[in-house]
Protein chains: 2
Amino acid sequence: MEKISETYEAPASNALDACAVAQSVAHQLRRAHGQFTHRFLFYFSRVNLRPGEFTALALIAEVPGRKQSEIAAAMGVQRANFVSLTNVLEGRSLIERRNAPNDRRSHALYITPAGASLLADARKAEADFEADCLERLGGTRARDQFLVLLSRLFG
Amino acid sequence: MEKISETYEAPASNALDACAVAQSVAHQLRRAHGQFTHRFLFYFSRVNLRPGEFTALALIAEVPGRKQSEIAAAMGVQRANFVSLTNVLEGRSLIERRNAPNDRRSHALYITPAGASLLADARKAEADFEADCLERLGGTRARDQFLVLLSRLFG
DNA sequence: TATTGTTATACTCTATAACTATA
DNA sequence: TATAGTTATAGAGTATAACAATA
């Protein structure tokens, strides 16, 4: 994952456009991810959340009490790697592990008041990020179309 | 970067679809990249190339003699991180560093016969990968549309 | 036996700073 | 002074294997 700084300059334009690789989903997606990460961190620097942390927080808030492995599966993350993510969010007192009622192996995840508060700020950051995307894409129709195509490709 | 294995099972479906996060470019792109990497490595396991290596090889073949920093900039990679990438490709004798004619600081990059041969195989892998994408997206029109939107978003 | 959470490990990607040799 | 390549370092993401507690 990328670090945020003031000195780093994102590549100004896509230099692949002039080349034969421009028409390749493989080439373009590789490059797009770097840009995505950079832009996401810029918008979310206020709340200090990385993409995975934001998604986890949103999912935990949406359906309180789900198990770690359920959230991890929903995100497409290995449960082993979700442990450190959970530790970070719990260490910031944004979420809580509680004993699951019927299974003493499981931890049920709940958002805390502090977590809900930060999530509200994060949703504002997300709104700005999404507005940026909307403008670049050229309107809601193009945005919806992009999400449909992305979902077909990787859903 | 992900390792390739036979045991790993990619998440069967996008569990985010059922949630409010489905309509968010930020959530969906984070998840998409993991799927992309996994699928790319599956298709390119024959030639043992990772996404960045494939793009670098293609760019070096396209315009022989460009400097390392030029290729790195075209890819959106820091020149410091491009060094190890170059080392790997040169270590496999797929490319060659030569002295640049007018600047003794620079290395001009050239593809080797072995590199051209592997690149030909890689292009077959890419064709399969792109065909897979094409089928998922639902035709060339949707594919072109996706590339246009991706370019608007991160070009 | 299988599953949940966990730990440990390894590998990739990326950013940053500093060095060297040239320009 | 500035640039090209390099080295070193650090942080994040992910896969794998193995373990204890529990089902």
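Lettering follows sequence order; numbering is per chain, from 1.
Along DNA chain D, the nucleotide nearest to B:Q68 and the one nearest to A:E53 differ in position, and the one closer to the 5' end is contacted by B:Q68. The residue among B:N102 and A:S69 whose nearest nucleotide of DNA chain C lies closer to the 5′ end is A:S69.
Atom CD of B:E90 is separated from atom P of D:dT6 by 8 Å (rounded to the nearest Å). In this structure, CD of B:E70 is placed 12 Å from C1' of D:dT3, rounded to the nearest angstrom. Distance, B:M75 CE to C:dT14 C1': 12 Å, rounded to whole Å. If you measure from atom CG of B:L85 to atom C1' of C:dA15, you get 16 Å, rounded to the nearest angstrom. Here the C1' atom of nucleotide D:dA12 and the CG atom of A:N81 are 11 Å apart, to the nearest Å. Atom pair B:L41:CG and C:dC13:P shows a separation of 9 Å (rounding to whole Å applied). In this structure, CG of A:D103 is placed 8 Å from C1' of C:dT3, rounded to the nearest angstrom. One atom, CZ of B:R105, and another, C1' of C:dC19, lie 15 Å apart when rounded to the nearest Å.
Heavy atoms of B:A80 sit under 4.0 angstrom from at least one base atom.
Under the 4.5 Å side-chain heavy-atom criterion for ILVMFWY residues, a single connected hydrophobic cluster contains both B:L41 and B:L94.
Neither OP1 nor OP2 of D:dA21 sits under 4.0 Å from any side-chain N or O of A:R104. A sub-4.0 Å separation between OP1 or OP2 of D:dA15 and a side-chain N or O of B:H38 is absent. For C:dC13, one of the phosphate oxygens OP1 or OP2 lies less than 4.0 angstrom from a side-chain nitrogen or oxygen of B:R50. Phosphate contact (OP1/OP2 of D:dT6, side-chain N/O of B:H107, threshold under 4.0 Å): present. Look at A:Q78 and you won't find any side-chain N or O under 4.0 angstrom from OP1 or OP2 of D:dG13.
A 4.5 Å side-chain heavy-atom check between B:H33 and B:F36 finds at least one atom pair inside the cut-off.
Between B:R31 and A:F154, the shortest heavy-atom contact is NH1-O, 3.5 Å.
Between A:D132 and A:R136 there is a salt bridge, since at least one side-chain N of the basic residue sits less than 4.0 Å from a carboxylate O of the acidic one.
Cation-pi contact between B:R30 and A:F40: absent, since separation from the ring centre below 6.0 Å together with deviation from the ring axis within 45° is not met.
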